[in-house]
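Inspection log for the structure reproduced underneath, given as structure tokens.
Note that the structure is a prediction, hence the values are computed from the model and not measured. Numbers here are sequence positions counted from 1.
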Amino acid sequence: MDSVNIILEDGKEYSVKGLLYIYNSKYYFIYTTLEPAEEGYIQLYLVQVCKEIQNTVNGPVDTGGMIGMEISDKEEWKAVQTSIQKIVNDKKNNTQDKDIKYLPINMITTLKIISKNKFKLVNQILVDNFKINISTLNESKTDSEFESKTLESDSSSIESDVIVDYRTRFFEEQEKNKKLESEINELNNKLESIKQIIG
């Protein structure tokens, strides 16, 4: 994550650590002011980035600035949470997910945050994988404590915190793969039986 100045909801300019990327043909910006969320976690925010358009007597005019808005559609927010997990995995494994296109931070010009989605990450992920210096870093959670946290989103409120847990997702995928392998073996056995019957 790189430092960049953006304008927050109070209309003031702040320096934040951020990351700009494209996912599903839309622009998103993840940022943090490094405020602690709960013990061992840092609060992060995500916005969809759009051009700032002003209505004038001569019609809509592109101001050259940008606005950041929350994702209010619950299904879209679920999909975007997947992109956060992909980014965490990329940073952890030094890979490049085919669905994510990272953009240089200097593409951001006068970004005004109107509204935002919230999520949180374990301190140690930001330090180790995003190379962010957190001076007041508490002792990090152990692996088992972190694995027990699942991706949470309150269905009644889109503004609720989300804890991104890529490890839980990994184990879920592993289980799915085992199940598929078992089904494939079963089908292969049936196919062999049919071949023997046919002759």
**Request:** Mark yes or no: Lys91 above the aromatic ring of Tyr102, with NZ or CZ under 6.0 Å from the six-membered ring centre and no more than 45 degrees from the axis.
**Result:** yes
**Prompt:** Could you walk me through whether Glu9 and Lys112 pass the salt bridge (charged side-chain N to carboxylate O under 4.0 Å, His left out) check?
**Reply:** CA-CA 7 Å; Glu9 291 97 324; Lys112 296 175 188 168; over 6 Å; no
**Item:** Distance (rounded to the nearest 0.5 Å) between Ile7 CD1 and Leu111 CG
**Value:** 8.0 Å
**Request:** Before giving the answer on salt bridge (charged side-chain N to carboxylate O under 4.0 Å, His left out), spell out for Glu181 and Lys178 the whole-Å C-alpha distance, their side-chain angles and the decisive distance to 0.1 Å.
**Result:** CA-CA 5 Å; Glu181 278 174 28; Lys178 281 181 192 169; over 6 Å; no
**Prompt:** Looking at Tyr45, is Lys118 sitting on its ring face, NZ or CZ under 6.0 Å from the six-membered ring centre and within 45 degrees of the normal?
**Reply:** no
**Item:** Main-chain N/O of Met69 paired with Ser115 side-chain donor or acceptor, under 3.5 Å
**Value:** no
**Request:** Give a yes or no answer on whether the side chain of Asp90 reaches the backbone of Asp97 with a donor-acceptor pair at less than 3.5 Å.
**Result:** yes
**Request:** Just jot down the ring pair (Phe, Tyr, Trp, His ring centres under 6.0 Å) partners of Tyr21, sequence neighbours excluded, or say none.
**Result:** Tyr28
**Asked** Looking only at heavy atoms, what is the nearest atom pair of Leu20 and Ile105, with distance?
**Response** N-CD1, 4.4 Å
**Message:** Asn5: which residues meet the side chain to side chain contact (heavy atoms under 4.5 Å, CB included) condition with it, sequence neighbours left out?
**Reply:** Glu13, Ser15
**Residue pairs involving residues 188-199 (criterion salt bridge (charged side-chain N to carboxylate O under 4.0 Å, His left out); sequence neighbours excluded)** = Glu186-Lys190, Glu192-Lys195
**Request:** Measure centre to centre between the rings of Phe29 and Tyr27, then say whether the value is under 6.0 Å.
**Result:** no
**Message:** If we ignore hydrogens and angles and just use 3.5 Å, is the side chain of Gln48 paired with the main-chain N or O of Gly68 as donor and acceptor?
**Reply:** no
**Asked** Under 4.0 Å between a Lys/Arg side-chain N and an Asp/Glu carboxylate O for Asp2 and Lys17?
**Response** no
